[in-house]
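Following: one structure in structure tokens, then a few remarks.
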Amino acid sequence: MQPTVLIIDDEVDLCILVRKYLNQKGYMVYMAHTLGDGLKKLNTLKPDILILDNKLPDGSGWNEVESINNAFPDMRITLISGFGTPKELLFPDMPVTIIEKPLSVRDIEASFS
């Protein structure tokens, strides 16, 4: 069965690039460009992996990480941001990886393991 990935990021070009790369690697990829739409898709799709941006037009994706992890404890979460982040302080007890922009699609895929 194909692993499913949901990308919640307002940078459409980045989403398309990541989706194309991950599709070639055997993942089924879905996209949302606002936090509200992404949370709806998250509850509908229940993906294996979530790629979540911090700054979205309608809120901070990272503010939702704890509730997302509580609802989907087995889901792998990759957080992306264009800002410096104290990685070890944010989500110490959750299966979360943080990647800073600029990023590469290989970094994103590596964060899934």
Side-chain angles (χ1 to χ4, degrees):
M1 183 172 187
Q2 275 184 305
T4 56
V5 177
L6 174 61
I7 305 168
I8 305 175
D9 194 310
D10 58 330
E11 292 184 41
V12 176
D13 291 341
L14 174 68
C15 291
I16 292 169
L17 175 71
V18 173
R19 179 181 65 186
K20 182 177 180 179
Y21 176 83
L22 292 176
N23 282 160
Q24 292 173 349
K25 296 290 187 168
Y27 294 89
M28 178 63 68
V29 182
Y30 300 89
M31 301 182 301
H33 305 298
T34 66
L35 184 58
D37 185 37
L39 293 175
K40 287 178 192 171
K41 287 184 178 180
L42 180 67
N43 287 312
T44 302
L45 297 170
K46 298 174 179 50
D48 301 300
I49 300 163
L50 173 64
I51 300 171
L52 180 62
D53 191 20
N54 188 13
K55 302 288 185 191
L56 295 159
D58 56 340
S60 170
W62 291 21
N63 287 343
E64 303 298 324
V65 171
E66 188 172 355
S67 63
I68 291 169
N69 184 67
N70 288 338
F72 305 97
D74 295 327
M75 183 174 56
R76 185 80 198 138
I77 302 172
T78 297
L79 303 175
I80 55 178
S81 177
F83 303 97
T85 309
K87 299 175 172 86
E88 29 329 299
L89 302 178
L90 288 177
F91 309 101
D93 299 323
M94 293 182 230
V96 172
T97 301
I98 299 172
I99 300 176
E100 307 258 341
K101 293 177 183 176
L103 50 88
S104 78
V105 289
R106 288 187 184 98
D107 290 340
I108 291 175
E109 185 182 23
S111 73
F112 298 167
S113 52

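- Side-chain contact between L35 and N63 is absent, with no heavy-atom pair separated by less than 4.5 Å.
- Residues V96 and W62 fail the side-chain proximity criterion, which asks for heavy atoms closer than 4.5 Å.
- In this structure, the side chain to side chain donor-acceptor pair (under 3.5 Å) partners of S60, at least two apart in sequence or on a different chain, are N54.
- Rounding to the nearest 0.5 Å places CG of L42 at 6.0 Å from CG of L50.
- Applying the side chain to side chain contact (heavy atoms under 4.5 Å, CB included) criterion to N43, with sequence neighbours excluded, gives F72.
- Each salt bridge (Lys or Arg N to Asp or Glu O under 4.0 Å) pair with one or both residues in residues 39-48, not counting sequence neighbours, appears once here: D37-K41.
- Rounding to the nearest 0.5 Å gives a distance of 11.0 Å between CG of L6 and CD1 of I77.
- Counting only residues at least two apart or in different chains, salt bridge (Lys or Arg N to Asp or Glu O under 4.0 Å) contacts with residues 10-33 comprise E11-K101.
- Exactly one residue among D58, V12, I7 makes a side chain to side chain contact (heavy atoms under 4.5 Å, CB included) with H33. That residue is V12.
- Looking at every heavy atom in both residues, P47 comes nearest to T4 through CA-OG1, 3.1 Å.
- Here the options are D53, I8, D9, the test is side chain to side chain contact (heavy atoms under 4.5 Å, CB included), and the partner is C15; only D9 passes.
- The minimum heavy-atom distance between P3 and G26, with the atom names listed, is CD-O, 3.7 Å.
- Closest non-hydrogen pair, S111 versus T78, comes out as OG-OG1, 2.6 Å.
- Contacts classified as ring pair (Phe, Tyr, Trp, His ring centres under 6.0 Å) and involving residues 93-113 (residues at least two apart or in different chains) are given here: Y27-F112.
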